[in-house]
Amino acid sequence: MPRIILLLTLLISQQVFSQQTAQNLFSQYRNSLYQIQMIDKESGNKSSIGSGFRVSDSGDIISNYHVISDFVYFPDKFRMQYMDASGNTGSLKLKNFDVINDLSLLQIDPEQTSGLPFNLAESLPLQGSNIYSLGNPHDLGMIVVPGTYNGLKKNSFYQRIHFTGSINPGMSGGPAVNGLGQIVGVNVATAGNQIGFLIPLPKVKALFESQQQIKVEDYKTHIQQQLQANQNKMISEILSSPWTYSQLGKARVPEKISDFISCWGGSNASEKDVKFLSVSNRCRIGEAVFLNARLQTGEIEIEFEWLTSEELNTFQFHNFLSQKIAFTRPGNLAGKNDVTNYRCQQDIVSNQQELTQKSILCARAYKDFNDLYDVLFISASNDYADGSLISHFTLAGVSADSMKQFSKQFMDSMSWQ
């Protein structure tokens, strides 16, 4: 009983301490917290909101890129505005942004600032440390959310901090701080159930310390340079990683192509009244680079499916395969204003392992970015009358050279057992 009482006392004391820390942080830094608003010029009303925080006496403010993406893409239709803790509003200037890590560096008139700016921490906290997320959820005013630092998200290409705490809409771009009020990350996303994600301190420091100022006419060029560097790094890592293999029906296919691409297997073997057997292995990165509300890129997915049937005749089976191929879609979101229509090439090819497939390779170009494409590949094997291997991949935002290199390695990776 004494141990239980002691444990409860410690828990209550920790909660009280956390609440007091949160209150102190809000009181001390409230004047350096802002709501970031996108204002539709035509209507004069705000179209979206996020959060931001001041990190210098000269008016530098950190937020997310996705909070101000409308202005980047449509500077003639939107303007940026801040609202401070007292309800005062003013104009914002965009100095720089990082689309890959979803960060933006803004600036307000230094004469309109008051109070202490946030300081960047020297390093990330220890695993299990208490940290605090600040922001403006659902346009309800600034709040502080206590939580726990759980280290960097494992097996992720786009580095994120795993935060145990509630990050809600409107808190995007707000700061996450340690008990001293020093910045350790930036709110960026939530997976629900007290699982949040933060952009880690080193990415924030890199943008702030660069102090590069991008002109409005160079926004798209700046995005293109970042996208090309990112996709070159990603595809290079995938192609240089050791691919592991497993059996799928009568085939041997890649089971894993990179640590940052997760894979799952599945089948319909337990289902009743099915006329075919489907066994699959699906892999995808599960993350994307947000460019605007209509366009996301940086995604990769691959899929292998063994299909066989004892009930369908040859004609029915091949008709079924044709339908599977016809309904394959790209893995990323893109609109007609951002990409061209797909152009496709169809062929029957045999790879180095003498596996023959009827394949379709399609690509669509990005209208604003030279030498960046979305790629869609789908193929079906022709070597067995009673079974077929369906193979598929999509790549979002890659160069023509990366498309060719990945396609070749993917095609040559399959073989019969």
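Keep in mind the model is a prediction, meaning the values are calculated, not measured.
The side-chain contact (heavy atoms from CB on, under 4.5 Å) with L105 is formed by just one residue from the set F97, F208, Y65; it is F208. Among F377, Y373, F393, the single residue meeting the ring pair (Phe, Tyr, Trp, His ring centres under 6.0 Å) criterion with F406 is F393. Each of E305, E303, Q357 was checked for a side-chain hydrogen bond (donor to acceptor under 3.5 Å, both in side chains) with S391, and the lone residue meeting it is Q357.
Atom NE2 in H162 sits 11.5 Å away from atom CG in L152 (nearest 0.5 Å). For the atom pair CG of L248 and CD of Q417, the computed distance is 9.5 Å after rounding to the nearest 0.5 Å. In this structure, the separation between CG on D84 and CD on Q35 is 10.5 Å, given to the nearest 0.5 Å. Atoms CG and CZ, on L355 and R252 in that order, are 12.5 Å from each other to the nearest 0.5 Å. Summarising the geometry, atom CG belonging to N187 is positioned 4.5 Å from atom CD1 belonging to I167; distances are rounded to the nearest 0.5 Å. Rounding to the nearest 0.5 angstrom, the gap separating the CD1 atom in I378 from the NE2 atom in H392 is 6.0 Å.
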Next item on the list: Go through the steps for Q353 and M414 under the test side-chain contact (heavy atoms from CB on, under 4.5 Å), then give the verdict.
Entry: CA-CA 7 Å; Q353 316 301 327; M414 296 168 278; over 6 Å; no
Notebook entry, point to check: Given M80 and L106, is the side-chain contact (heavy atoms from CB on, under 4.5 Å) satisfied, shown in steps?
Noted result: CA-CA 10 Å; M80 299 181 298; L106 312 171; 4.1 Å; yes
Next item on the list: Show the numbers, then the answer: is there a side-chain contact (heavy atoms from CB on, under 4.5 Å) between Q231 and S399?
Entry: CA-CA 8 Å; Q231 70 88 20; S399 66; 3.4 Å; yes
Check: Can you check side chain to side chain donor-acceptor pair (under 3.5 Å) on Q228 and N232, steps first, answer last?
Finding: CA-CA 6 Å; Q228 287 179 325; N232 284 337; over 6 Å; no
Notebook entry, point to check: What do the steps show when you test V145 against M171 for side-chain contact (heavy atoms from CB on, under 4.5 Å), and what is the final call?
Noted result: CA-CA 10 Å; V145 177; M171 294 182 70; 3.9 Å; yes
Next item on the list: Show your reasoning for whether salt bridge (charged side-chain N to carboxylate O under 4.0 Å, His left out) applies to E299 and R284.
Entry: CA-CA 8 Å; E299 297 181 356; R284 67 179 306 167; 3.7 Å; yes
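Looking at S172, its side chain never comes within 3.5 Å of a backbone N or O of G50 through a donor-acceptor pair. One N or O on the side chain of D102 and one on the backbone of H66 form a donor-acceptor pair closer than 3.5 Å. When atom types are taken as modelled, the side chain of S104 and the backbone of N64 share a donor-acceptor pair closer than 3.5 angstrom. Proximity of a side-chain donor or acceptor of N332 to a complementary backbone N or O of Q296 within less than 3.5 Å is detected. In this structure, the side chain of N101 does not engage the main chain of I199 through any donor-acceptor pair within 3.5 Å. Panel note: side chain S32, backbone L116; a donor-acceptor pair is recorded below 3.5 Å. D98 places no side-chain N or O within donor-acceptor distance of the main-chain N or O of L103, the cut-off being under 3.5 Å. Using a distance-only test at 3.5 Å, with no hydrogens or angles considered, a donor-acceptor pair links the side chain of S381 to the main chain of L389. Judged by distance alone, with hydrogens and angles left aside, the side-chain atoms of S413 form no donor-acceptor pair with the main-chain N or O of V253 at under 3.5 Å. Between the side chain of K256 and the backbone N or O of C283 there is no donor-acceptor pair closer than 3.5 Å.
In summary, the side chains of D40 and S47 do not present any donor paired with an acceptor at a separation below 3.5 Å, with no hydrogens or angles considered. In this structure, a donor-acceptor pair under 3.5 Å is present between the side chains of Y366 and D374. Side-chain polar atoms of S415 and Y245 form no donor-acceptor pair below 3.5 angstrom. In summary, the side chains of K46 and Q81 do not present any donor paired with an acceptor at a separation below 3.5 Å, with no hydrogens or angles considered. Side-chain atoms of Y149 and N178 form no donor-acceptor pair, as typed in the model, at a separation below 3.5 Å.
In this structure, Q194 and S166 have side chains that are in contact, with non-hydrogen atoms separated by less than 4.5 Å. By the 4.5 Å heavy-atom criterion applied to side chains, N96 and S210 are counted as neighbours. For the pair Q107 and D60, the minimum side-chain heavy-atom distance is below 4.5 Å. Taking 4.5 Å as the limit, some side-chain heavy atom of Y73 sits within range of a side-chain heavy atom of I223. In this structure the side chain of L307 never reaches within 4.5 angstrom of the side chain of L277, judged on heavy atoms. You'll find the side chain of D57 stays beyond 4.5 Å of the side chain of T113, heavy atoms only. The shortest distance between side-chain heavy atoms of Y158 and I285 falls below 4.5 Å. Proximity of P175 to L33: side-chain heavy atoms (C-beta onward) are separated by under 4.5 Å at one or more points.
The pair R282-E301 does not count as a salt bridge, with every side-chain nitrogen at least 4.0 angstrom from each carboxylate oxygen.
Taking all atoms of both residues into account, the shortest heavy-atom contact from S114 to N31 is O-CB, 3.3 Å. Contact between V186 and I62 at its shortest, heavy atoms only, is CG2-CG2, 4.0 Å. Closest approach of I36 to G52, counting heavy atoms only: CG1-N, 3.7 Å. Closest approach of Y219 and F71 over heavy atoms only: OH-CE2, 3.6 Å. Across all their heavy atoms, R54 and S56 have their closest contact at NH1-O, 3.1 Å. Between L295 and A334, the closest heavy-atom pair is CD1-CB, 3.7 Å.
Applying the 6.0 Å contact sphere to CD of Q345 captures no more than 12 heavy atoms from other residues, nucleotides or ligands. For E111, the CD atom counts as loosely surrounded, since its 6.0 Å shell holds 12 or fewer non-hydrogen atoms of other residues, nucleotides or ligands. No more than 12 heavy-atom neighbours from other residues, nucleotides or ligands sit within 6.0 angstrom of NZ on K77. Crowding of N88 atom CG: a count of heavy atoms from other residues, nucleotides or ligands under 6.0 Å exceeding 12. Dense packing is recorded around CZ of R294, with more than 12 heavy atoms of other residues, nucleotides or ligands lying under 6.0 Å away. Atom NZ of K404 has 12 or fewer neighbouring heavy atoms from other residues, nucleotides or ligands inside a 6.0 Å radius.
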Identify every side-chain donor-acceptor pair in residues 119-129 under 3.5 Å, counting partners at least two apart or on other chains, and give the distances.
unit_1, atom_1, unit_2, atom_2, d
Q127, NE2, N150, O, 3.0
S129, OG, L126, N, 3.4
S129, OG, L126, O, 2.7

Got a list of side-chain donor-acceptor pairs under 3.5 Å for residues 260-268, not counting sequence neighbours?
unit_1, atom_1, unit_2, atom_2, d
S267, OG, A269, N, 3.4
N268, OD1, S278, N, 2.8
N268, ND2, F276, O, 3.0

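Ring pair F74/F78 is tilted by interplanar angle, where 30° to 60° counts as tilted.
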